[in-house]
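Working notes, structure below.
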Protein chains: 2
Amino acid sequence: MDQLLSPKQVAAAIGVSESSLKRWCDQGLLTTVKTAGGHRRIPVQEALRFVREQNHAVVEPRLLAMPGTDNRKARRIENCAERLVEGLLTNNEQACRAIVFDLFLAAQPVSQIFDEVIAVAFRTIGEKWECNEADIYQERCSCQIALRVLHELRSKQTPPNSGLVALGATVEGDQYSLPVTMSEIVLRAVGWETRLLGSSIPFDSMVAAIQQHKPEMFWLSVSFVPDESAFIAGFNRLFEAASKINTAVVVGGRALTTEIRTRLRYSAFCDTMRHLEEFAKTLRRQTEVVPKKTRKPRKNA
Amino acid sequence: MDQLLSPKQVAAAIGVSESSLKRWCDQGLLTTVKTAGGHRRIPVQEALRFVREQNHAVVEPRLLAMPGTDNRKARRIENCAERLVEGLLTNNEQACRAIVFDLFLAAQPVSQIFDEVIAVAFRTIGEKWECNEADIYQERCSCQIALRVLHELRSKQTPPNSGLVALGATVEGDQYSLPVTMSEIVLRAVGWETRLLGSSIPFDSMVAAIQQHKPEMFWLSVSFVPDESAFIAGFNRLFEAASKINTAVVVGGRALTTEIRTRLRYSAFCDTMRHLEEFAKTLRRQTEVVPKKTRKPRKNA
DNA sequence: AGTAAAATGGACGATTTGGATGATTTTATG
DNA sequence: CATAAAATCATCCAAATCGTCCATTTTACT
């Protein structure tokens, strides 16, 4: 029943180098089990004892606190969604952050993280809510957590300066800021400079923003449509204005039914973040400098 | 995700010699953790706390994972508000961050930063909007920027673990997340563990949250009241439920006119973040441990 | 001004840390 | 089972940090 950890994992958990940790093992500060091939394995409880006795710092508690989630499993995207649901509903922000950042560091495209983990997780929470297994406040609270994680993720991106500008917003009455924030991160990941106008923006004001900033792209996330006909009229007005100055208009969101879509004019419709990413790449006609996963970790400034 | 710094790094950041810094660590002015080999490691939050409490200058903010500063203009709170307005309206997120973080490092209480800078800035923007000098999207976009800055500020606080829990939210229909987020940061600054439920929460769900988490405090930020009588009824229902389990209810927000207030029952009403801070301090009944900044008294003859 | 306590910061050899390397073991995948 | 990719091994070494001592500067008080 003892979970075994590799030196690398323990080193990461307590924020020291692998070299140091191995030295400590060899000095007997940590008792290790050895594999047939001579690799060191450290039982979790032994690692915990070490931390307690040495009064050592723990930088990444999750590695020691959440058995069954060693790094390899963490990087597999399959069961991340359910782990995220668990983390969100128990208000374990640490764990949520860990899940997302592990994937990010494992060089998963952000679009994929969003489509296959975050979106899935919130769909699950939504279903739980409908079945009365979760309360509204839990869903909202989860949104807060996710938003903080997303903001942190965003701050870790290299700020693009391609000269291509995209503006984004949510229509009036639609206060779901998660999708529009994810879109922004996706666009930034493929080199767009973005400016997120925010949630619940009236169409007229969007038009004003477009005319003032003359962006190459405008993206609109539609999670909720209070008034269908007003939405369609407003949107087409927006498209009209955007066309005049060659601004591509991209829409997406779960509230856009096929019926609504047939009555809209747009440059692209995106079902998923991956679609958005592909379209954004295409639009900027440059083969993109994908955030490379280099082996050599570089010192951050 | 708290980063560990070496004495040398912290010394460089605040522009003192390594010797001094090590001495301070040994005197307990800075809480350090130690590696197994006996090297000192200082968590960033701890370094920030030290800088703020001692009112120490910071020469290299980057080493403390803080955004770059503009030391000449900074530190004076007077014209920060207008500089912030400028930064927000020109979408200069860097500048906005610098303004807020400079004040933070200069040991200004977060409540004061919020009351005298951020709140003032947004009041100014609101006025500009009314005078048609600014568009709605600019105000919303400013909110996005401010929200990101606030989230970053929050991540720089030492995570409190007092055991005292506060829940916070915004009423249904009120989507202004800035005030409620500022409140959270203020509460955390004075040692409360907080859980922000989010914006636009129905009263019934708030009651459910209170009953489930049994917090010592519930705070409600009211920037907008869609239906006055429904609000009053709902709120008093909330207060009732909270009273039963000894949860203090704190309200605040610009939408609370005196007429509305006279019909509400609450533990405290806060006009400003400073009020909230004072009330929160009082409620936790602990006299704050004032760090002595005087040198040791010399022997008296 | 004069004095002494207190604080600062530099220097020292001894110790610790962490990055790099090429060989070996483990794990993932067909 | 076989193969390739990833993780870990043992080792070495430069750089960082330790604790300590001491000269110098600052501060507090007479």
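Because the structure is a prediction, the values reported are computed rather than measured. Numbers restart at 1 for each chain; the letters A, B, ... are given by sequence-line order, proteins then strands. Note: hydrogens, waters and symmetry copies are ignored here, and every other heavy atom, side chains too, is used.
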message = Quick check on the helix from dA1(C)-dT30(D) to dG30(C)-dC1(D): what's the angle between its two end axes, five base pairs per end, to the nearest 10°?
response = 60°
task = For Q157(A), enumerate each residue passing the side chain to side chain contact (heavy atoms under 4.5 Å, CB included) test, keeping only those at least two apart in sequence or located in another chain.
result = R154(A), I185(A), R188(A), A189(A)
request  = Mind calculating the distance between CD1 (I14(A)) and C1' (dG18(C)) to the nearest angstrom?
outcome  = 13 Å
query = Rounded to the nearest Å, what distance is computed from the CD1 atom of residue I42(A) to the C1' atom of nucleotide dC9(D)?
reply = 13 Å
ask   = Between E46(A) and R49(A), is the closest basic N to carboxylate O distance under 4.0 Å?
value = yes
note = CG of L187(A) to NZ of K281(A), rounded to nearest 0.5 Å, is 12.0 Å
key: Partners meeting side chain to side chain contact (heavy atoms under 4.5 Å, CB included) with S19(A) (sequence neighbours left out)   = S17(A)
inquiry  = Could you check whether the side chain of S19(B) and the base of dG10(C) have a donor-acceptor pair of N or O atoms closer than 3.5 Å, going by distance alone?
reply    = yes
key: Pairs touching residues 12-39 of chain B that satisfy salt bridge (charged side-chain N to carboxylate O under 4.0 Å, His left out), sequence neighbours left out   = D26(B)-R40(B)
query = Between dC9(D), dG18(C), dC18(D), which one does the side chain of P7(B) approach most closely?
reply = dC18(D)
query = Between residues 23-35 of chain A and DNA chain C, which residues have a heavy-atom gap below 4.0 Å?
reply = R23(A), W24(A), T35(A)
query = Quick one: H56(A) NE2 to dT17(C) P, roughly how many Å, whole number?
reply = 8 Å
Set of side chain to side chain contact (heavy atoms under 4.5 Å, CB included) partners for T272(A), sequence neighbours left out = D115(A), R274(A), H275(A)
OP1 or OP2 of dC9(D) under 4.0 Å from side-chain N/O of R40(A) = yes
K22(B) NZ - dG9(C) P separation (whole Å) = 13 Å
ask   = With respect to the side chain of H39(A), which nucleotide from dT25(C), dG19(D), dG18(C) is positioned closest?
value = dT25(C)
ask   = To the nearest Å, how far apart are L4(B) CG and dT17(C) C1'?
value = 14 Å
request  = Measure the distance from NZ on K8(A) to P on dG19(C) and round it to the nearest whole Å.
outcome  = 12 Å
request  = Compare side-chain N and O positions of S17(B) against OP1 and OP2 of dT8(C) and report whether any pair is under 4.0 Å apart.
outcome  = no
Scan the side chains in residues 118-130 of chain A for donor-acceptor partners under 3.5 Å anywhere in the protein, sequence neighbours excluded, and list what turns up.
residue: T124(A); atom: OG1; partner: V120(A); partner atom: O; Å: 2.9

Rounded interatomic separation in angstrom, taking CD from Q9(B) and C1' from dT17(C) = 13 Å
remark   = Against the side chain of R41(A), the closest entry in dT26(C), dA10(D), dT17(C) is dT26(C)
task = Only counting residues at least two apart or in another chain, list the ones meeting side chain to side chain contact (heavy atoms under 4.5 Å, CB included) with S6(B).
result = K8(B), Q9(B), R41(B)
query = Nearest nucleotide by nearest heavy atom, which residue falls closer to the 5' end of DNA chain C, G38(A) or E18(A)?
reply = E18(A)
query = By ring pair (Phe, Tyr, Trp, His ring centres under 6.0 Å), which residues pair with F279(A), not counting sequence neighbours?
reply = none
